[in-house]
Amino acid sequence: MSVAPETLQIDEVRVDPAWALKIPASLALRKSVLPICELNGVVQVACCDVEDHTTAQAIRKATGRDVQMLETDPAQLREVLTRIYGGVSAPAGVTGPGAARRTDGAEADDAATICDEVLLAAVMREASDIHFLPTETSFLVRLRVDGALETYRELSKDLHGPVTSRIKVLSGLDIAEKRAPQDGRFNTRIGPNRRKLDIRVATLPTRFGERTTMRLLATASTSLTMERLGMDERGIDSFRTAINRPHGMILLTGPTGSGKSTTLYVAITELLARRGGNVVTVEDPIEYEIAGASQVEVDGTDRVSFHRALRSILRHDPDVVMIGEIRDSESANIAVKASLTGHLVLSTLHTNTAVGVITRLADLGMERFLIAATVRMAIAQRLVRRLCPHCRAARPMTTTEALSLGRRDLTGKTIYEPTGCVYCAGRGYNGRVAMFEMLPIDQRLAGMIDDDAEESELLKEIRQAGTPGLIDDAVAKLLAGVTSLPEVLTNVVEF
């Protein structure tokens, strides 16, 4: 792992809550110190005074590790400290089916404290999910960060029951039911900026007791742009051309968790900024708040069901319709009807490739001539972890690695691999970036679709026309040092 810098840019650091939350908030705020991660058994501590040996000793005692004090800008450090040690507003700030109920006793207080700490840790690590996993001897808390699971804490097995019950109470679940899966939700606000968090909860009986999974949805306005998503200049031009058309369908495809919905939100935000209009969305759930759009959240009941909401939105004179997912023939038919009657429709579909959109829509019962008439663009998308720019290490690509990508000509080209530093909490990666395959449906492709061309024929035509594929975008980002070879092989290359 790389050596820590002498002057730390704390605003670029991704703090590891496993160490930041080991010291009392009073100590951190009073002395302006922040444990940010552990490297090679030594806790790295951001501070304003590297000669404050008394504080260093207090942190050493609290963490049980040797420490290295790293000087940073006092104003920036104070801002980060306020953000972290402001804490979680729950239970007072929790809303949901079980928010009004409280369980008395010290055991419940311990469970509440643990739940609040884990929520804060998840927000600090920018986690998408929290897993509470009982084992034979312990109770694991794991966070999914940038698509990878990492263990946050290992708790006593005795805390399994109280913590599970606490989460069930908050999300309105039956605490007495332990043999059947349950689903619920609750809301809370995190930290001094009162960031709203919508939390979906699912429980599942396992051999060693109920496991609980929490999906974290921060319903804040997105500040992402097409460039920050990872689109290259050619992709941005192609995407903007498609979304600025007055009608038709733009469909994003990829596995669950590949960032499809985020790309749709960016498109909607840009459309509203450029041309305005009436935008209506149907989502399950709402992941970002879009200023100027009418967003409908499906609640799973007959009152606001997915299909009922879809059938209703066309009566509200929309210019743009966003459907969270085309999941069956009914939603596909509504999307087609909307695009044929002069609306721009954006949605997602579960297929592996951009050209697979055509086959999937046909499987859902759409006539080929309707597919040809309505689909304007299909986009395949994947997410890979972004290498930490502070510690990535360059090396030449081997022949075997080049062949694994199907690109022997890449042998000897410079690629980068993760190492680990204070900026990425020793992980080697910091955030994620999307890989794209943009497939505009031009007149030639539309004619082939109308003529019932097989997927292999369409793919041959696409490649002959020089349209870049997912692997092309992946290789470009690999050579640019944006991501690593294992990430590309795991998430993009199909064997």
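Quantities reported herein were computed from a predicted structural model and do not represent experimental measurements. As a basis for the values below, the full set of heavy atoms in this structure was taken, side chains included, without hydrogen atoms, waters or symmetry mates. We're numbering straight along the sequence, starting at 1.
Using a distance-only test at 3.5 Å, with no hydrogens or angles considered, a donor-acceptor pair links the side chain of Asn278 to the main chain of His316. A side-chain donor-acceptor contact under 3.5 Å links Ser347 to the backbone of Ile323. Side-chain N or O atoms of Arg142 include none that pairs as donor or acceptor with a backbone N or O of Leu133 at under 3.5 Å. A donor-acceptor pair under 3.5 Å is formed between the side chain of Lys260 and the backbone N or O of Gly254. Between the side chain of Ser339 and the backbone N or O of His247 there is no donor-acceptor pair closer than 3.5 Å. Between the Thr490 side chain and the Glu487 main chain, no donor and acceptor come within less than 3.5 Å of each other. Distance alone, capped at 3.5 Å, places no donor-acceptor pair between the Arg234 side chain and the Met231 backbone. Using modelled atom types, one side-chain atom of Gln295 and one backbone atom of Tyr288 make a donor-acceptor pair closer than 3.5 Å. Judged purely by atom type and a 3.5 angstrom limit, Ser312 has no side-chain atom pairing as donor or acceptor with the backbone of Arg308.
In this structure, the separation between CG on Leu251 and CG on Leu349 is 6.0 Å, given to the nearest 0.5 Å. For the atom pair Ser238 OG and Glu233 CD, the distance stands at 12.5 Å (nearest 0.5 Å). For the atom pair CZ (Phe436) and CG (Asp472), the distance works out to 15.0 Å, reported to the nearest 0.5 Å. Atom CG of Leu314 and atom NZ of Lys337 lie 6.0 Å apart (nearest 0.5 Å). From Glu12, atom CD reaches atom CG of Asn430 across 9.5 Å, with rounding to the nearest 0.5 Å. Met322 contributes atom CE, which lies 6.0 Å from atom CD1 of Ile268 (distance to the nearest 0.5 angstrom).
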Exercise. Would Glu210 and Thr164 satisfy side-chain hydrogen bond (donor to acceptor under 3.5 Å, both in side chains), going step by step from the backbone distance to the final call?
Worked result: CA-CA 8 Å; Glu210 287 181 287; Thr164 302; 5.7 Å; no
For this session: Decide side chain to side chain contact (heavy atoms under 4.5 Å, CB included) for Leu383 and Asn491; before the verdict, give the C-alpha distance in whole Å, the side-chain angles of both, and the deciding distance to 0.1 Å.
Result: CA-CA 7 Å; Leu383 280 180; Asn491 298 287; over 6 Å; no
Exercise. Given Val384 and Lys477, is the side chain to side chain contact (heavy atoms under 4.5 Å, CB included) satisfied, shown in steps?
Worked result: CA-CA 10 Å; Val384 296; Lys477 289 182 170 72; 5.7 Å; no
Exercise. Could you go step by step and tell me if His350 and Arg360 meet the side-chain hydrogen bond (donor to acceptor under 3.5 Å, both in side chains) rule?
Worked result: CA-CA 8 Å; His350 280 292; Arg360 177 61 179 150; over 6 Å; no
Exercise. Hey, mind stepping through Ser484 and Tyr429 against side-chain hydrogen bond (donor to acceptor under 3.5 Å, both in side chains) and telling me if it holds?
Worked result: CA-CA 9 Å; Ser484 66; Tyr429 297 94; 2.6 Å; yes
For this session: Determine, stepwise, if the pair Lys168 / Lys178 fulfils side chain to side chain contact (heavy atoms under 4.5 Å, CB included).
Result: CA-CA 11 Å; Lys168 282 184 171 183; Lys178 299 180 181 180; 4.1 Å; yes
For this session: Mind running side chain to side chain contact (heavy atoms under 4.5 Å, CB included) on Arg427 and Arg385 for me, showing each step along the way?
Result: CA-CA 11 Å; Arg427 270 68 169 185; Arg385 288 185 292 175; 5.9 Å; no
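With respect to the salt-bridge test (charged N to carboxylate O, under 4.0 angstrom), the residues Asp450 and Arg368 do not qualify. Contact check on Asp183 versus Arg200 returns no salt bridge, with no Lys/Arg side-chain nitrogen under 4.0 Å from an Asp/Glu carboxylate oxygen. By the 4.0 Å N-to-carboxylate-O rule, Arg395 lies close enough to Glu401 to be salt-bridged with it. Under the 4.0 Å criterion applied to side-chain N and carboxylate O atoms, Arg14 and Asp146 are assigned as salt-bridge partners.
Shortest non-hydrogen contact noted between Thr414 and Ala394 is CG2-CB, 3.8 Å. Gly428 and Cys391 get closest at one heavy-atom pair: CA-SG, 4.4 Å. Taking every heavy atom of both residues into account, Ser258 and Gln381 meet most closely at O-NE2, 3.0 Å. Scanning all heavy atoms of the two residues, the minimum distance from Gln9 to Tyr423 falls at N-OH, 3.0 Å. For Cys388 against Cys421, the heavy-atom pair with the smallest separation is SG-SG, 3.7 Å. Shortest non-hydrogen contact noted between Val145 and Ala127 is CG2-CB, 4.1 Å.
The 12-atom threshold is not exceeded at CD1 of Ile175, counting heavy atoms of other residues, nucleotides or ligands nearer than 6.0 Å. The environment of Glu454 atom CD is sparse: at most 12 non-hydrogen atoms of other residues, nucleotides or ligands sit within 6.0 angstrom. Within 6.0 Å of atom CZ in Arg444, 12 or fewer heavy atoms from other residues, nucleotides or ligands are found, so the atom counts as exposed in its surroundings. In Glu177, the CD atom is crowded: over 12 heavy atoms of neighbouring residues, nucleotides or ligands sit closer than 6.0 Å. Open room surrounds CZ on Arg408; 12 or fewer heavy atoms of other groups in view lie less than 6.0 Å from it. Glu79 CD: 12 or fewer foreign heavy atoms inside a 6.0 Å radius.
Looking at Leu479 and Leu410, their side chains come closer than 4.5 Å, going by heavy atoms from C-beta outward. In this structure the side chain of Arg275 reaches within 4.5 angstrom of the side chain of Val320, judged on heavy atoms. The side-chain heavy atoms of Ile36 and Ile10, taken from C-beta on, include a pair separated by under 4.5 Å. The shortest distance between side-chain heavy atoms of Val279 and Ile290 does not fall below 4.5 Å. By the 4.5 Å heavy-atom criterion applied to side chains, Leu346 and Leu344 are counted as neighbours. Between Leu120 and Met124, the closest side-chain pair of non-hydrogen atoms falls below 4.5 Å. When side chains are defined from C-beta on, Leu340 counts as touching Leu370, because their heavy atoms get closer than 4.5 Å. Counting only heavy atoms from C-beta outward, the side chains of Ile334 and Ile313 never approach each other to under 4.5 Å.
Cation-pi contact between Arg125 and Tyr152: absent, since separation from the ring centre below 6.0 Å together with deviation from the ring axis within 45° is not met.
Residue pairs meeting the salt bridge (charged side-chain N to carboxylate O under 4.0 Å, His left out) criterion with at least one partner in residues 309-324, sequence neighbours excluded, are Arg311-Glu330.
Tested against Ile358, the residues Thr351, Leu445, Ile449 include a single side chain to side chain contact (heavy atoms under 4.5 Å, CB included) partner, Ile449.
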